[in-house]
Amino acid sequence: MAMSSTPNILLSLFSIHFLLSLVKINEAKVPAIIVFGDSSVDAGNNNYIPTIARSNFEPYGRDFNGGHPTGRFSNGKIATDFISQAFGLKGAIPAYLDPSYSISDFATGVTFASAGTGYDNATSNVLSVIPLWKELEYYKDYQTKLRANLGDGKANDIIKDALYMISVGTNDFLENYYAVPGRSSQYTIKEYENFLVGIAGNFTKALYDLGARKISLGGLPPMGCMPLERTGNLMGGSECVNSYNNLAAEFNSKLNDLVIKQNKELNGMDMVFSDPYGIMLGIIQKPAFYGFEVTGVACCATGMFEMGYACSRTNPFTCSDADKYVFWDSFHPTEKTNAIVANHVVQTSLAKFF
């Protein structure tokens with residue numbers, strides 16, 4: 001069964017290279033990819049702030065450019081790296097706070113994301129990371145530097161034509177609402193969803209007011225299937241926590257409604273909803289079809305609860321071949337999973353931007 005899945009995964013990865021060749025033939029309509037969010041799209045910003053939410057050490061990054069840990073929460077590339085490549089841009093989007101890059105590097109792609117953050121400011125406080133409003137302030141700073149470097153005309157063209165990607169929200173539920181006292185006493189879960197959607201709408205409107213027109217608002221994955229949640233589901237036989245998956249699907253529906261609403265309200269807005277839920281659940285439910293062998297635990301350490309500093313290079317249990325695993329640590333996908341999810345998003349919601 002695993003052998004028959006090989007052509008499928010090769011076909012999936014081939015699609016990215018095929019789209020890449022099309023973009024080179026037809027001039028790219030997207031000059032840059034600009035990213036906001038959490039650990040799913042952080043390429044190392046947290047390395048430069050005082051927080052424990054970091055991954056700039058081995059075994060993170062062991063399959064990235066010759067084994068270089070960057071601060072990406074994966075063994076290799078993250079989804080936005082593959083998406084950038086598919087658009088004919090750089091193969092890895094740099095972190096804005098990384099001093100080894102300059103504004104000329106950021107002109108074709110940059111991420112302001114911070115692992116551990118959320119829509120809710122209270123979420124970023126849990127691990128002392130960059131709140132979403134601060135990511136927006138960094139983006140304003142980026143605009144100023146871009147105009148100074150390229151001139152107003154060229155900079156404004158990049159700002160208008162760039163693809164803005166937002167991937168955030170999981171931490172609001174798993175690291176905040178259900179993990180620490182506070183929000184759960186103020187809001188019912190549905191009220192909290194609506195609270196977060198309101199923040200998402202204000203954020204995309206702020207981007208629009210700053211010149212953004214092409215926006216991808218990302219949804220939540222089936223977060224009840226993360227190894228961390230499955231490990232804690234002892235009564236359920238360590239299977240996926242359905243209540244968390246149902247919550248993610250419900251929240252995604254509300255985000256999709258927001259996209260439809262703002263496209264009608266904001267002149268020239270071209271926003272799409274990028275949904276990783278279905279493809280991730282498909283991988284988890286039929287792993288062999290995609291060339292995977294292990295879904296319930298992660299590659300790093302015991303694979304049950306480790307992430308960040310608990311995912312240590314000294315742990316003897318870390319797997320030797322991450323490509324067999326859907327998850328790298330207990331919260332984050334492997335590079336191979338990221339590639340499949342990115343390919344799906346490119347061929348569905350992002351296809352209109354080619």
Side-chain angles (χ1 to χ4, degrees), residues 13-37 40-43 77-96 101-113 135-136 138-140 142-143 145-147 149-168 203-219 259 262-263 266-276 338-354:
L13 296 175
F14 168 77
S15 300
I16 288 181
H17 295 291
F18 176 68
L19 284 168
L20 176 59
S21 67
L22 285 181
V23 172
K24 286 180 177 176
I25 294 169
N26 307 298
E27 276 191 36
K29 297 177 185 176
V30 171
I33 292 181
I34 298 173
V35 185
F36 302 89
S40 60
V41 288
D42 183 1
K77 291 185 177 183
I78 51 180
T80 40
D81 294 325
F82 289 108
I83 291 168
S84 175
Q85 184 179 348
F87 274 93
L89 302 169
K90 66 187 78 180
I93 297 178
Y96 187 62
Y101 294 96
S102 68
I103 190 62
S104 59
D105 298 308
F106 299 141
T108 55
V110 60
T111 177
F112 303 97
E135 292 187 25
L136 192 67
Y138 282 134
Y139 171 62
K140 292 176 184 176
Y142 164 82
Q143 282 198 352
K145 291 177 179 176
L146 195 67
R147 291 189 173 106
N149 184 253
L150 299 176
D152 286 357
K154 189 168 183 182
N156 289 341
D157 285 343
I158 291 175
I159 290 164
K160 176 175 65 73
D161 294 328
L163 173 60
Y164 295 78
M165 302 201 69
I166 304 163
S167 178
V168 67
F203 187 78
T204 51
K205 174 62 164 58
L207 283 178
Y208 174 86
D209 290 341
L210 288 166
R213 292 297 179 267
K214 301 172 184 175
I215 299 177
S216 163
L217 183 60
V259 169
Q262 287 198 325
N263 278 332
L266 303 175
N267 183 44
M269 173 71 101
D270 196 358
M271 183 159 53
V272 297
F273 176 64
S274 294
D275 189 359
N338 284 329
I340 296 170
V341 172
N343 182 52
H344 171 78
V345 170
V346 163
Q347 293 197 39
T348 53
S349 58
L350 303 185
K352 66 182 297 183
F353 297 125
F354 281 89

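Index from 1, following the sequence.
Closest approach of Thr204 and Ile215 over heavy atoms only: O-CD1, 4.0 Å. Smallest separation of non-hydrogen atoms from Ile159 and Arg147: CD1-NH2, 3.6 Å. The shortest heavy-atom contact between Pro276 and Val341 is CB-CG1, 4.1 Å. Residues Ile34 and Ala162 approach most closely at CD1-CB, 3.9 Å, considering heavy atoms. Scanning both residues, Ala206 and Leu136, for their nearest heavy atoms gives CB-CD2, 3.7 Å. Met271 approaches Val259 most closely through the heavy-atom pair O-CG1, 3.3 Å.
Within the model, atoms CG of Leu350 and NZ of Lys214 stand 11.5 Å from one another, a figure rounded to the nearest 0.5 Å. Going from atom CE of Met165 over to atom OG of Ser349 covers 7.0 Å, rounded to the nearest 0.5 Å. Here Leu89 contributes atom CG and Asp81 contributes atom CG; the two are 12.0 Å apart, rounded to the nearest 0.5 Å. Considering CD1 of Ile158 and NZ of Lys160, their distance stands at 11.5 Å, rounded to 0.5 Å. We find the CD1-OG1 distance between Ile78 and Thr111 to be 6.5 Å, quoted to the nearest 0.5 Å. Taking NZ from Lys140 and NZ from Lys145, the interatomic distance works out to 15.0 Å, rounded to the nearest 0.5 Å.
In this structure, Glu135 contributes its side chain and Gly37 its backbone to a donor-acceptor pair below 3.5 Å. Distance alone, capped at 3.5 Å, is enough to place a donor-acceptor pair between the Gln143 side chain and the Leu210 backbone. A side-chain donor-acceptor contact under 3.5 Å links Lys77 to the backbone of Gly91.
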Requested in this report: Quick one: do Arg213 and Asp161 satisfy salt bridge (charged side-chain N to carboxylate O under 4.0 Å, His left out)? Show the steps, please.
Outcome: CA-CA 7 Å; Arg213 292 297 179 267; Asp161 294 328; over 6 Å; no

Requested in this report: Test Phe353 against Val272 for side chain to side chain contact (heavy atoms under 4.5 Å, CB included), laying out the working first.
Outcome: CA-CA 10 Å; Phe353 297 125; Val272 297; 3.8 Å; yes

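Considering only heavy atoms from C-beta on, Val110 stays 4.5 Å or farther from Val35 through its side chain. Side-chain contact between Phe82 and Val346 is absent, with no heavy atoms from C-beta onward closer than 4.5 Å.
Among Phe112, Tyr96, Tyr138, the single residue meeting the ring pair (Phe, Tyr, Trp, His ring centres under 6.0 Å) criterion with Phe36 is Phe112.
Looking at Ser84 and Lys90, their side chains never bring a donor and an acceptor atom within 3.5 Å of each other. In this model, a donor atom of one side chain and an acceptor atom of the other lie less than 3.5 Å apart for Asn343 and Gln347. Between the side chains of Tyr164 and Tyr139, at least one donor N or O sits under 3.5 Å from an acceptor N or O.
Counting heavy atoms of neighbouring residues, nucleotides and ligands inside a 6.0 Å radius, atom CG of Asp209 exceeds 12 of them.
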